**Student:** 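Sharing a structure below in structure tokens format, with a few things to ask.
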Amino acid sequence: MSDTISRRNFLKLSGLSAAAAVLTGCGPAARYVTRRPYYEMPEYAVLGESTYFATTCIECPAGCGLIMRTFEGRAIKAEGNPAHPVNHGKLCSRGLTGVQGLYNPDRIQRPGKRARRGNPTLEPLDWDTALGVVREALNGAGAGVAFYLGLAPDHLYDLVLELTQAIGAPPPVRFGALGMFEARATLVEAVRQVFGEARFPYFDLAGADVVVSFGANFLETWLSPVAYTRGFSQFRRTDGKKRGYLISFEARRSLTSGVADEWLPVPPGTEGQVALALGSLLQSRGWKVPLGAGQVDVEASAAAAGISMERLEQLADRIARAEHPLFLPGGQALAHAGGLVAARNILLLNLAAGNMGRPGGIFLSPSRPDSGSLRDVQALIEQMRAGKVETLFIHGANPVFELPPALGFTEALANVPRVISFASFPDETALQSDYVLPDHTPLESWGYQRTLAGSDRMIFSSLQPVVVPLYDTRATADVLLSAGKLPYNDEVTFLQSKLATLLNEPGVTVEATEIATFWARYLQAGGWWTQQAGLTTPTNQPDLQVEMAQGAAAPEGQFRLITYPTHLGDGSGANRPWLQETPSPSTTVMWNTWVEVHPQLAEKLGLKDDDVVRVTSPSGSIEAVVYLFPAIRPDTVAIPFGQGHTALGRWAEGRGANPAVLLGAQLNEAGDLAYGDVLVTLSPTGRRRPLSRLESRAGVYGEH
Amino acid sequence: MKKTLPWWLRPWVRVTAGLIVLILLGGAVGGIYLTQTVPQQPIQFPHNFHVGAGIPCLYCHPGAQWGPVAGLPSTQKCWGCHQQVAKTKTSPELQKLVAYVEKGEGIPWVPVFIQPEFVHFNHRPHVAAGVACETCHGDMKKVTVAQPIPRQNMGWCLSCHAKQAPEKWTRLSDCSLCHY
Amino acid sequence: MAEQQETRERWGMVVDLDLCTGCNACVTACAMENNIPWVGEEEAGYGRNMFWIRVQRTWEGEYPEVSPAYQPVMCQQCGRAPCEPVCPVFATVHSEEEQINLQVYNRCIGTRYCANNCPYTARSFNWYDYTYQIPAPMNYYLNPNVTVRRRGVMEKCTFCVQRIRAGQEQAKAAGRTLQDGEVIPACAQACPADAIIFGDLSDPESRVSKAARSQRGTTLLEELGTQPKVTYLKGGGYYGG
Amino acid sequence: MAVETQPVSPALNQPAREEEEALREQLMFDPRPREELNRMVMESMYSTSPRYWVAVGVLTALVLVCLVGMWGYMIFTGIGIAGIRKPIYWGVFIVTFVFWIGISHAGTFVSAILRVFKAEFRRPFTRAAELMTTFGLAAGALYPLIHLGRVWVFYWMIPYPNARWLWPNFRSPLVWDFLAITTYLLSSTIYLYLPLLPDLAMARDRTQGWRHAVYKALALGWRGTEAEWFRLRKAINIFAFAIIPVMFSVHTIVSWDFAVGQVGGWNSTIFGPYFIIGAILSGVSAVITILVILRATLKHMDYFIRPEHLDALGKLVLVFSMAWAYFFFNDYLVSWYGGYEVTRRILTLHATGPTAWVWYCMLFFNVVIPWLTLWSRKIRRTPWAMFIITVLINVGMYFERYTIIPMTLGHQRFPFDWGEYSPRLPEISIAFGTLCLFILLYLLASRLIPLVPVWEVREGQEAHKVVKVGKTVVPSVSELE
């Protein structure tokens, strides 16, 4: 823990308010409660009133600005930072339940050593010993040290990057399930090929009038969901402009497709073909689409996608009439063998629409995409398997849970002599580690997160502790710095040295000439960003052509599987009771895993609602409960991701199933998992397990 | 004919009945008494002396002017004056304060005037409306440690609210004024 | 300003169903603000869930033209509320001051008549001491401005009356009147699509008043004459586009 | 005053004797000496078999476990252990409440209305019916408490000046309910008590020990003077008239609990009379059930309670079954014809939903069975047949309330929020517990209170004579007052 924090005289909690609020109400026992006032009143505290701290949500890498309401030293409520360019005061369910992570009773409260991997009990360790272990690991052969980092926070990635450079270790592998599901590497690679720069694209939804989404679930988890929902809201609004029209190509009517004005359930993997066909049709309407040599067989593509030619012509008409059409390449379209081609096709449509750098068009996000692809993870696994990794540090990710077992991460882990996890929660990976040196939870931490793809400007969004760390945890940055390999005293000096490059910049929210002022204002504002929107306009017009993408129909008896992340995010939200209880929007199911089956298919297979069914893919099989979902292709089934934990505390453990088991290890051209190509079979188990749902089955589906 | 008393006139019946009534009554009185006792404070703070010395209530309980909670003084607030007071060194009661200062701890005061958690009271409007502290808290010149005032219930609140201007009654009698 | 004018707001809400994406952030935000307990898988599926706001998802049409319709439903704060007259102890009463329906938890004796009589199914009942079962330290985040409900009492959306009170109090302390948008409930605050608009209906210039006057506006179960304070703006592609 | 008549000599011609024998089947024409009547009633109170005590013990245990224990457990853990849920906030508790209140109607109906209309067949069983009213109310009145989420503050429903400056909400049907039930309980207890006075005095004069003390206290020094009889008759008369509107009001108000609401399928203007007719139907049936049981188990009861009484009551049941069917049809037709979507869906659900059997059972037990059987004088006069029929009618009436309350609540305006309800153990246990309580109270009362109003029977017998006019024998009734 940095010393800087002790400047905040947070109220020490004893049996006060929270307990008081909970325990009183009845009986004379609650008449008097000891109240422990301050030794010295902090200047910012007003008695009986809330104190608000600006910080950043790092539940997902989008980096929304938070204003945390605290009261007498307790974090009460996460609210959006209205000034923050990413979320403008808005938040999603995940961010809102941040306090349930902070105050989770299953947190790892102190550092510990595991006698045997997989054994849930941790032998307590004092921090000096723990730091000694880290120091020893870092002092060893640099090449034998590997880091596996999650998608957030960015400052830790920057620090580890410096650290690995300093000790001569390979750069950290940064990977997370959310990136896997949005096929992030494919998207970035396609942007690189089309626009010449490996950047995240930023789509200006607000300014578009027709948006064509190819499996982009931008209202749920895609890139920066809150920002895109805000953009969608602008796009849909009619104040002085035309109402935006959303067309969605997706095999399953997801939340995003649900609000689409037109939903076309194309088979997974044919999105690239649809883009090609649309391009061909648009060319005949005067667009300059760089079509490849040879005749594009529009009718064949339409047939493969199961769309009638009339419908496709109508769509092309509508798009051609639009002033600002926008095409979104989403993860569902990209996670296939031909995913990169599909991504390129879709981006080329944007190019043909003249969308580069205009309102309602496409921009390049300022921040550098530093997350890796699954290929990088595979390389790491190879290293691990070969015994070349002596120490593996894991932070912010749960690879044992979220990587498909077919990749063999867990088995490779057995060949790593020392695994050090910085997990705050006893997740599956922490269970397989030798040492657990718990980091603070985000609401107790310092740091920054750069904008990802949800904003039109560069942002260093600040993280600061809003409460005193609850337990004997320590910031991972401090733990790593304690080895003395980098010239920073602690996390805060590291952060300040990074932020010092932002001093004296004009036109930004935090204008300061020296770091102390900058730091104070930066924390207060919730981060640093430019006053004016500033994005790179992609200008590079490469000599690329729209290509035919592959797409095969599923063989008889097998079904394409769609796996999609929910508000549980990468699965780490499963230990938040309120995320579990928040109904899944399209099915209203709570607390479990279901498999969405179209009623027609179910009838064919003799399945009923709430039947437990075994889903088998070449890589493995799970059991899940059937949900008869009317808005999915009858040759496709869908399973939400995030449940099926074997660890992670009382609310997550033993609940539902983990569809990662079904995903194979096939990668696409850009090194992303081709999870969209997985074929599964369904076999009834004969058991039933009623799903807990908000809706009335009788009322909505007429079943009894 | 044997002379017998009807059963309800027999002494043991009457004694038992009397005892039961007494026990019930005693329990009720005891229960009410328990809710009205003066709690044990960490320091036997003499309000009478401090008020007598002319220290305004809001000096130690400043929250009352701007917010819901009047607040109990922090250790530093006591020490601010007491480090200059000669008696601090001699009084055994004040040695406790010295101990808290040396340990750097807050004083675990036990609040006396507290409302149940379903009552949301706010000092500020009352202070702004010119309600004197002693109207609700009693005359602190007469007590050492604060003592609860019995029967500060809803009717007690309303009896004062009812005396305000009639056009304010809608607001002052609104349930959501205090209960939400 | 020496003497402030007593202003009386008429709080109202507009939900734009064309903007609502059905994401359920309002549900979570409401739960976190109002100390709403979760009840666990079995209970939640058995109609014991405590949502003050829930997103009703219904289906329209047949595959492949099947389309979900999302509608967040919370207490409609009826002007003529069916719940109010039936409570035997005035635990649910009309606030003349705020023009909303109040639920006074500490007065409630749990007849559940109000919930039967609520045509919007907006009320939840504390079947057990759910909040008391929250394991420490998770109870630390409970909002001190909202009463923690014990078992046996009814509860429902309050339009975040604690925020209304705090806002009024703040404005009064500063000697000014409430500004439009100064007080917003947790659901409207969180709503990523900004589909929920909250404000003072008595001010014709407020954002909510303007939205409520929209031609798309309808109220739920209008035929019952409950005079809800929540207006829904119908969505769909039948206009514009 | 009694008319001077000559007792008919038995040695008359044959037809007349047969007619007379036929008349002697009726209690009123089969007089016995006063002292013998008194003795028979006293004996019925005194004769307890071991089986009786076993029954009392078992019932006490059942009440303690099923009612007291389960209720206590429910108060301790929360009402969530019952099956009620969103949106079916009222379930078996309220169903059973309405059921018991309904049962309690017949006592007053049989006693007061028949008394007012001078229906002579009422005489031997008014007491049994009045006891049923009081005990039914006692069992039913528990439910408004049992179903409360916070029963420990139930007294907030009582209007009394308090420190909170708060009154109950007199606009709430539940407060009407509370007041109506209290009034009815009070008045029906008094109405039970008044005609009991001469019988208590009779018992006082024939007992010793603690019984004597109790009866002495309860008899309020009744001596049977002319003035006392005069006042008693007057009081009973006033009460008999006064309690009728109270009785009608109670079940009407119970029906208003539902009818004044917004709930589709509930807000029907016909609910008041519909509920009253239903209550009387179930109540009169329950009276028959109880009379059959009393006749079979208590000593000398076959003298007092005869097939003629079952016959008369059976006719009443038939009439009320028809009336109930009429109201049911009325209610159904208007809902169905109105075509309002909510009620249409509910009617469809009742008839075709997963629990449609409840609805069909209701119709079968309440309409089909009585209509098919009660036409027959023979069946009406067969105790065991009447027992089965009346029990089934009460099951049917229970199902009626079940249909009206949880099955309607679960399918209201938003299909998204529908819910299915099935009672859980605590509800069933408590409902069963109150049944045990009712039986237990009756069982205890049968040994403490003269179950037959001896003086009323005697009064009737004195007024009824078999008179010979010419060659035929005719019954004659004289006015007593």
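Just so we're on the same page: letters track the sequence lines, and every chain starts at 1. Since this is a predicted model, take the numbers as computed values, not measurements.
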**Student:** Against chain B, label Thr158(C) side chain, backbone, both or neither, depending on which of its atoms sit under 4.5 Å from a heavy atom there.
**Tutor:**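 It is neither, since no heavy atom gets under 4.5 Å.
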
**Student:** Report the option among Cys175(B), Pro68(B), Ala128(B) that has the most heavy-atom pairs separated by less than 4.5 Å from atoms of chain C.
**Tutor:** Cys175(B)

**Student:** Is Glu98(C) paired with Arg165(C) through a side-chain N to carboxylate O contact shorter than 4.0 Å?
**Tutor:**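 Here Arg165(C) pairs with Glu98(C) in a salt bridge, since their nearest N and O are under 4.0 Å apart.
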
**Student:** Under a 4.5 Å heavy-atom cut-off, does chain B meet the side chain of Glu169(C), its backbone, both or neither?
**Tutor:** both

**Student:** Can you check whether His47(B) and Phe45(B) have ring centres sitting under 6.0 Å from each other?
**Tutor:** yes

**Student:** Top residue by heavy-atom pair count (under 4.5 Å) with chain B, among Leu102(C), Ile164(C), Asn106(C)?
**Tutor:** Asn106(C)

**Student:** Let's test your reading of the structure: which of Asn34(C), Val161(C), Ile100(C) forms the most heavy-atom pairs below 4.5 Å with chain B?
**Tutor:** Val161(C)

**Student:** Between Glu33(C) and Arg163(C), does a salt bridge (Lys or Arg N to Asp or Glu O under 4.0 Å) hold up when you go through it step by step?
**Tutor:** CA-CA 10 Å; Glu33(C) 167 77 17; Arg163(C) 292 185 174 209; 2.8 Å; yes

**Student:** May I ask you to decide if the ring planes of Tyr180(B) and His120(B) are parallel, tilted or perpendicular, using 30° and 60° as cut-offs?
**Tutor:**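 Parallel: the ring planes of Tyr180(B) and His120(B) meet at under 30°.
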
**Student:** Angle between ring planes, Phe118(B) versus His179(B), binned at 30° and 60°: parallel, tilted or perpendicular?
**Tutor:** tilted

